[in-house]
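When a ligand or atom number is given, it counts from 1 through the structure's own listing order. This one's a predicted model, so the numbers in the text were calculated from it and none came from an experiment.
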Amino acid sequence: MTAQGLPMVVPAQDLPARVRIHEVGPRDGLQNEKRAVPTEVKADFIRRLADAGLTTIEATSFVHPKWVPQLADAEKLFPLVADLPVELPVLVPNERGLERALALGARRIAVFASATESFAKANLNRTVDEALGMFDPVVARAKDRKVHVRGYVSMCFGDPWEGAVPIHQVVRVCKALMDMGCDELSLGDTIGVATPGHVLDLLSELNEEGVPTSALGVHFHDTYGQALANTLAALQHGVTTVDASAGGLGGCPYAKSATGNLATEDLVWMLHGLGIDTGVDLDRLTATSVWMAAHLDRPSPSRTVRALSHKE
Ligand code: HMG
Ligand code: MG
């Protein structure tokens, strides 16, 4: 570590020069908080994240407000941040959600599929195929409007009800989303059970089935402390889009064993130490997570936030 609280830069071979961080804190993080966060605080959170150099910030969800009450203020929040010079993707499960998002001028949406039947039912009240059928017109309409579409696939590496998830089951859902017209996919380890070999197997299998690495992002949770090891494996494979949540906020309201997402600060510490450019100012980002933790009345679970905020 350098005197300024930055990692010493020691590049390693065969890694990308730059990584795009897809920040999910305001959506994936806050959707799971017990404490209601006022809309103005959420807007301030997004502004601070943009100010810290994050360029893709998932802002909220246009889902049924009874299913995710924490994000029921999407109509109020989105206009408060729409002027920011960053990408602000929003989650949209169906045509009703798409209408709400388009009415506010959203330019990036994400549909969210599941690799398993149990989670599709719990999260979307649908079978896997019914959910894909629900997304089909959403993606088509979004593409007509030149709106960028991300397709999440949850439970890619394990499921709390079904246990191990066969790779072919994940690949089938990924291919269906690509065939629909999604611009990119995000491979979700929703309960954080993946290990690096498993990640590499899934990425290779997807490539063999015609899904290029350039269309793949990774979304790890740190339940078993594997998120950074899995990220490094994905980077070595050529992945350059990594999801993370400021301060390690979040989980998933419909997957009880999903603890925190990979913390953006932990990710940035590793990437900067490897000499990989992210555009993120780690001090500003850490200050934002410390500020947010005060609003949530609990400390951030991110090791990097803890280390940097106690460095004197
Ligand atoms: P449903 O109850 O089956 O809904 O829920 P429905 O289609 O039968 O419609 C019932 C009523 O809801 C209708 O109203 C609709 O208009 C209304 P009524 O005619 O009865 O008056 N409705 C809506 N209202 C507002 N906005 C909407 C909307 N849709 C329907 N968009 C539904 C189906 C998909 C809506 C529901 O299950 C839902 O909203 N689920 C979202 C759950 C969610 O957001 N979970 C968290 C996502 S996190 C995740 O998936 C993992 C991820 O983070 C990756 C990772 O961490 O690994 C991505
Ligand atoms: Mg997540």
Using a distance threshold of 2.8 Å, state whether an N, O or S atom of Asp243 lies below it from the Mg ion (ligand 2).
no
Here the atoms of ligand 1 under 4.0 Å from any heavy atom belonging to Asn125 are 1 (P), 2 (O), 3 (O)
Is there a nitrogen or oxygen of Tyr152 sitting under 3.5 Å from a nitrogen or oxygen of ligand 1?
no
Between Asn123, Val111, Asn32, which one has a non-hydrogen atom sitting closest to atom 49 (C) of ligand 1?
Asn123
Does the shortest distance from the Mg ion (ligand 2) to an N/O/S atom of Asn261 fall below 2.8 Å?
yes
For ligand 1, the portion of Met155 having any non-hydrogen atom under 4.0 Å away
neither
Looking at Phe112, does the NZ or CZ of Arg27 lie under 6.0 angstrom from its six-membered ring centre and within 45 degrees of the ring axis?
no
I'd like the atom name of the N/O/S atom in Asp28 lying closest to the Mg ion (ligand 2).
OD2
Answer side chain, backbone, both or neither: which part of Asn94 comes under 4.0 Å from ligand 1, heavy atoms only.
side chain
Are Asp297 and Lys34 within salt-bridge range, i.e. N to O under 4.0 Å?
no
For Thr190, atoms of ligand 1 separated by under 4.0 Å from a heavy atom:
55 (C), 57 (O)
Under 4.0 Å to a heavy atom of Arg100 - the qualifying atoms of ligand 1, by number:
25 (C), 26 (N), 27 (C)
Taking the side chain as every heavy atom from C-beta outward, state whether Asp243 and Leu262 have any pair of such atoms under 4.5 Å apart.
no
Whether the side chain of Ser302 engages the backbone of Thr304 through a donor-acceptor N/O pair (distance < 3.5 Å, no angle test) should be reported.
yes
Would you check whether Ser154 reaches within less than 4.0 Å of ligand 1, judged by its heavy atoms?
yes
Considering the heavy atoms of Asp28, write down every atom of ligand 1 situated less than 4.0 Å from one of them.
53 (O), 56 (O)
For Gly97, the ligand 1 atoms with a heavy-atom partner under 4.0 Å come out as 31 (N)
Sub-4.5 Å side-chain heavy-atom contact between Arg48 and Met292:
no
Within a reach of under 6.0 Å around CZ of Arg303, are more than 12 heavy atoms found that belong to other residues, nucleotides or ligands?
no
Note, Leu177 side chain near Val153 side chain (heavy atom, < 4.5 Å):
yes
So, Glu184 and Arg20, do they make that salt bridge, N to O below 4.0 Å?
yes
Ignoring hydrogens and geometry, is there a side-chain-to-backbone donor-acceptor pair from Asp277 to Gly279 under 3.5 Å?
yes
Please say whether Arg27 places an N or O atom under 3.5 Å from an N or O atom belonging to ligand 1.
yes
Considering Met134, Arg96, Arg126, His64, which one's heavy-atom position lies nearest to atom 7 (O) of ligand 1?
Arg126
Taking atom types as modelled, find out whether Thr39 and Asp73 have a side-chain donor-acceptor pair closer than 3.5 angstrom.
yes
Show me which atoms of ligand 1 lie under 4.0 Å from any heavy atom of Phe62.
27 (C), 31 (N)
